[in-house]
Amino acid sequence: MSLSVSPAATGPAPVPGLAPAIELVNVSRRFVTPDGRMLTALRDFNMTVGRGEFACVVGPTGCGKSTTLNLVTGLARPSAGEVRLMGAPITGIDPSIGFVFQADALFPWRSVLDNVAAGPLFRGEKKKAAYERARDWIARVGLSKFEGHYPHQLSGGMRKRVALAQTFINEPKILLMDEPFSALDIQTRTLMQDELLALWSGSGASVIFVTHDLEEAVALADKVYVLTAGPATVKAVYDIALPRPRVMSEIRYEPEFIEIARVIWDDLREEVQIGQQRAMGQAH
């Protein structure tokens, strides 16, 4: 079986001369709730994502997965510990980061073409060049016939393709994805996962992909992080050595895949049960 478990505080072997793309070192994140309580979302949290690596994060609901992404973007600051990008401490929002949300982040009043060109234009690219590149990226995601359509005229899967083009056109070095396909039906989700892998494989970007779907995590990732019930820390790191390229509709039926998912689920299930027990206790 192509699976190994790493101690929680370790990451991939470093590339000689290059710092990892993303590092969270002994990070804790605390904040005050609206009712005045102090809540710890992350505690002694360690994560390392190498250059060009695809890492997935799974854990119980409310365990701090999205908080982790906010720390990497610079939108949130750690209460303790350090977050580094390409070996340097985060000092603000980094333009080399791309973010794909669960909900559509498209401008509803702009056409597909205008949405995809918006990033390069905002970054100062000349209009002609920006629109040429936008058309190229729209073609890559198979939407050339829909350049003039508006988001409300597109299906959920088509809007997600626009969002991917909108993100990859900016050539992100780091790509953060927060359950981007969770609202899609299973057939569309499978197609979008293949689309993502195809775009990512040619980009060299380092990815953190948050998901509640363990099978999605195993199918996509080089490495899966399992988080504990909140306050979150890293319980285990699984290195996924399934060969690439991967075809999502086929890989789920491979015996090796099934065994990997079973082993990780045995680990994750304990944390899900803890989270459910705490939620039931709070309800009563």
Verdict with supporting geometry, Thr68 and Phe45, side chain to side chain contact (heavy atoms under 4.5 Å, CB included): CA-CA 9 Å; Thr68 304; Phe45 191 98; 3.8 Å; yes
Partner set under salt bridge (Lys or Arg N to Asp or Glu O under 4.0 Å) for [X], not counting sequence neighbours:
| X | result |
| --- | --- |
| Arg123 | none |
| Arg161 | Glu195 |
| Glu23 | Arg84 |
| Arg133 | Glu125 |

[X] [atom1] to [Y] [atom2] distance, which is reported to the nearest 0.5 Å:
| X | Y | atom1 | atom2 | result |
| --- | --- | --- | --- | --- |
| Ile260 | Leu214 | CD1 | CG | 10.5 Å |
| Tyr225 | Lys65 | OH | NZ | 16.0 Å |
| Lys127 | Leu121 | NZ | CG | 8.0 Å |
| Ser201 | Arg244 | OG | CZ | 9.0 Å |
| Arg159 | Leu143 | CZ | CG | 12.0 Å |
| Ile169 | Leu164 | CD1 | CG | 12.5 Å |

Test salt bridge (charged side-chain N to carboxylate O under 4.0 Å, His left out) applied to Glu259 and Arg262, step by step: CA-CA 5 Å; Glu259 179 63 12; Arg262 185 192 64 78; 2.5 Å; yes
ring-ring contact (aromatic ring centres under 6.0 Å, His included): pairs with one or both residues in residues 109-136, sequence neighbours excluded: Phe107-Trp109
Contacts under 3.5 angstrom, residues 145-158 side chains, donor-acceptor by atom type, not counting sequence neighbours:
unit_1	atom_1	unit_2	atom_2	d
Gln153	OE1	Tyr150	N	2.8
Ser155	OG	Met158	N	3.2

Minimum heavy-atom separation for [X] and [Y], please, with both atom names.
| X | Y | result |
| --- | --- | --- |
| Leu113 | Ala134 | CD1-CB, 3.8 Å |
| Ser206 | Gly50 | OG-O, 3.1 Å |
| Leu227 | Ala232 | CD1-CB, 4.3 Å |
| Val27 | Leu71 | CG1-CD1, 3.8 Å |

Step-by-step side chain to side chain contact (heavy atoms under 4.5 Å, CB included) determination, Val224 to Val237: CA-CA 6 Å; Val224 174; Val237 186; over 6 Å; no
So, do [X] and [Y] sit near enough that their side-chain heavy atoms are less than 4.5 Å apart?
| X | Y | value |
| --- | --- | --- |
| Asp104 | Lys160 | yes |
| Leu39 | Val32 | no |
| Met86 | Asp94 | no |
| Leu197 | Leu220 | yes |
| Val207 | Trp200 | yes |
| Ile264 | Ile240 | yes |

For the side chain of [X] and the backbone of [Y], is there at least one donor-acceptor N/O pair under 3.5 Å apart?
| X | Y | value |
| --- | --- | --- |
| Arg29 | Arg77 | yes |
| Asp44 | Asn26 | no |
| Ser79 | Arg30 | yes |

With sequence neighbours excluded, residues passing ring-ring contact (aromatic ring centres under 6.0 Å, His included) with Phe257: none
Contacts of type ring-ring contact (aromatic ring centres under 6.0 Å, His included), residue Phe31, not counting sequence neighbours: none
Side-chain donor-acceptor contact under 3.5 Å, Thr228 with Glu271: no
Polar side chain donor-acceptor pair, Ser111 to Asp114, under 3.5 angstrom: yes
Test side chain to side chain contact (heavy atoms under 4.5 Å, CB included) applied to Val58 and His212, step by step: CA-CA 6 Å; Val58 297; His212 278 98; over 6 Å; no
Inter- and intrachain pairs under salt bridge (Lys or Arg N to Asp or Glu O under 4.0 Å), touching residues 162-191, at least two apart: Arg189-Asp213
Pairs where residues 246-255 contributes a residue and the test salt bridge (Lys or Arg N to Asp or Glu O under 4.0 Å) is met, not counting sequence neighbours: Glu215-Arg252
Salt-bridge criterion met for Asp239 and Lys223 (N-O under 4.0 Å): no
Crowding at CZ, Arg37 (>12 non-hydrogen neighbours, <6.0 Å): no
Full working for side chain to side chain contact (heavy atoms under 4.5 Å, CB included) between Val218 and Leu242: CA-CA 9 Å; Val218 174; Leu242 296 170; 4.3 Å; yes
Qualifying residues under side-chain contact (heavy atoms from CB on, under 4.5 Å), relative to Ser249, sequence neighbours excluded: Thr190, Val247
side-chain contact (heavy atoms from CB on, under 4.5 Å) against Ala165, all qualifying residues, sequence neighbours excluded: Val116, Trp137, Val141
